[in-house]
Amino acid sequence: MNIVIAPDSFKGSLTAKEVGLAVAAGVKRALPESVATVIPMADGGEGTMQCLIDATGGRFVEAVVKNPLGRDIKSGFGILGDGSTCVIEVAMSSGLYLIDKQERNPLLTSTYGFGQLIAAALDQGCRKFILGLGGSATNDGGAGMLQALGADLLDEEGNPLGFGGGQLGRLAHIRTSGLDSRLVESSFVVACDVDNPFVGPSGASEVFGPQKGASPDMVRELDEGLRRFADVIEQTRGISIHNMPGTGAAGGLSGGIVAFMNGKLESGVSIVIRETGLEAAIAKADLVITGEGQVDFQTARGKTPCGVAHVARSYNVPVVILAGSVGKGIESLYEHGVSAVLSIVNRPMTLDEAMAQAGPLLEQAAEQAIRIYRIKL
Ligand SMILES: O=C(O)[C@H](O)CO
C-alpha cells in the first residue's frame with residue numbers, strides 16, 4: 001500500500017518535514033509493509049522556503065541585508081535542488097516579527113533588504129525566482145526593493161526619495177535605467193497570502209496597515225502614497241495595478257513586482273505542489289495524509305490541506321487531514337475531496353502542551369487513522 005504524507009508545518013511547533021516524519025512513523029506502526037512517501041508542503045507563507053529546500057534537496061544561502069528599519073541582519077534565501085531556482089520569503093528580511101512592537105511604523109519601514117536578497121541570489125546565478133509574500137512590516141509597494149536593485153524614485157525636483165511608505169506621497173518620476181539588467185533575464189512567480197488590491201478600502205494600507213503600527217491618519221497617508229505610486233506606474237509603464245487582486249500582498253510589494261519585474265501571481269500551494277512533484281506521487285497512492293496546525297473554514301480558501309485534496313480528488317484517492325486544532329466550518333472541506341478531519345489531541349491539554357507534544361501526538365493519530373482505514377481493506 002502506497003501512502004503519501006503531504007502536510008504543512010504546525011506553526012510554532014514542527015516544520016512540515018518534521019510533521020511528515022512523525023506521521024510516517026505512526027503509519028509504519030500500523031502498517032509496516034506500506035510505502036510511506038513524505039512530501040513536505042506549504043502554501044506560500046512562512047515555511048515555504050524551508051519546505052521547498054527540504055522537498056527538493058536544496059540549500060540555504062546566508063546573506064546580511066537591511067531589516068525593515070535599515071539595520072543589518074543575517075537573513076538568506078533558498079536555492080532548490082535544481083541548483084538554479086531561488087526561493088525568498090519577504091518575512092525573512094522585511095518581516096513584522098523582525099522589529100519590536102513599539103518600533104513598528106510603516107511610514108518608515110522599507111523592503112530594501114528584500115531587494116538585497118534578490119541581488120544576492122542573482123549573484124549566485126539564479127534567474128528563476130519564487131517569492132513568498134506575507135507577514136511583512138512594510139507598506140512601500142516594493143519601493144525599497146526597487147531602490148536596492150538600482151531604480152531611482154524621484155520627487156518633483158529630481159531628488160531621490162528616502163525609505164518607507166511615507167515617502168511615496170512625494171513621488172513624481174521613476175527612473176529604471178539603473179535597474180539591475182539581470183532582472184530582465186529572470187522570471188518571478190509570486191506566492192501571495194491574500195488577494196487584496198493595491199489601494200482602496202480593501203487595499204494593503206487599510207487592511208494590513210494597522211497590524212504594522214499605522215494609526216487611522218497614517219493609513220490614509222499610506223494609501224495616498226500607494227495611489228500616487230500606482231498612478232506614476234500607470235503613466236510610465238502603462239499598467240494599472242490599483243485594483244488588481246493580489247497586488248496588496250506584503251504592503252503592495254506584490255504590485256511592485258508585477259509592475260517592474262513582470263511578476264506572475266499564483267496561489268502559493270499550487271506553486272509548492274508543482275515544485276515538489278506531488279501530483280506524480282499522488283497518482284500512484286492509495287491514501288493521502290495531510291495536515292496543518294489549525295484546520296477550520298479558512299482551510300478551504302487555498303490552504304495546504306485543501307490544495308493537496310484537490311490533487312487527490314482528481315485521482316480518486318481518499319484524503320485524511322490531521323489537525324492540531326479543529327475549528328468551525330470544516331464541513332466545506334468534504335466537497336473538496338477530504339474524507340475525514342481528525343484532531344491529534346488525545347486528552348484535555350493546553351495549547352502549549354499540545355505544541356510541545358505535537359510529534360508523538362501526530363504519530364499516535366496517524367497510527368489510529370491507518371488502523372481505521374485497514375478495517376475497510
Ligand atoms: O504582509 C502583509 O501585508 C500581509 O501578510 C498581507 O500580505
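First listed ligand is number 1; within each ligand, the first listed atom is number 1. Given the structure is predicted, the values throughout are model-derived calculations rather than measurements.
Hydrophobic cluster membership of Ile321, counting Ile, Leu, Val, Met, Phe, Trp and Tyr whose side-chain heavy atoms lie under 4.5 Å apart directly or via other members: Val295, Val326, Ile330, Leu333, Tyr334, Val338, Val341.
Of all the heavy atoms in Ser93 and Pro68, the pair that sits closest is O-CD, 3.4 Å.
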Distance-only donor-acceptor pairs under 3.5 Å for side chains of residues 305-317, two or more places apart:
from   : atom 1 : to     : atom 2 : distance (Å)
His310 : NE2    : His336 : ND1    : 2.7
Arg313 : NH1    : Glu335 : O      : 2.7
Ser314 : OG     : Val311 : O      : 2.6
Tyr315 : OH     : Glu279 : OE2    : 2.7

Contacts table for residues 243-253: side-chain donor-acceptor under 3.5 angstrom, sequence neighbours left out:
from   : atom 1 : to     : atom 2 : distance (Å)
Thr247 : OG1    : Phe198 : N      : 3.1
Thr247 : OG1    : Ile241 : O      : 3.3
Thr247 : OG1    : Met244 : O      : 2.7

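There is no path of hydrophobic side-chain contacts, each under 4.5 Å, that joins Phe163 to Leu171.
Each of Gly134, Gly135, Ser136, Asp193, Val194, Phe208, Lys212, Ala249, Ala250, Gly251 has a non-hydrogen atom positioned under 4.0 Å from some atom of ligand 1.
Within a 6.0 Å radius of CZ in Arg59, other residues, nucleotides and ligands contribute 12 heavy atoms or fewer.
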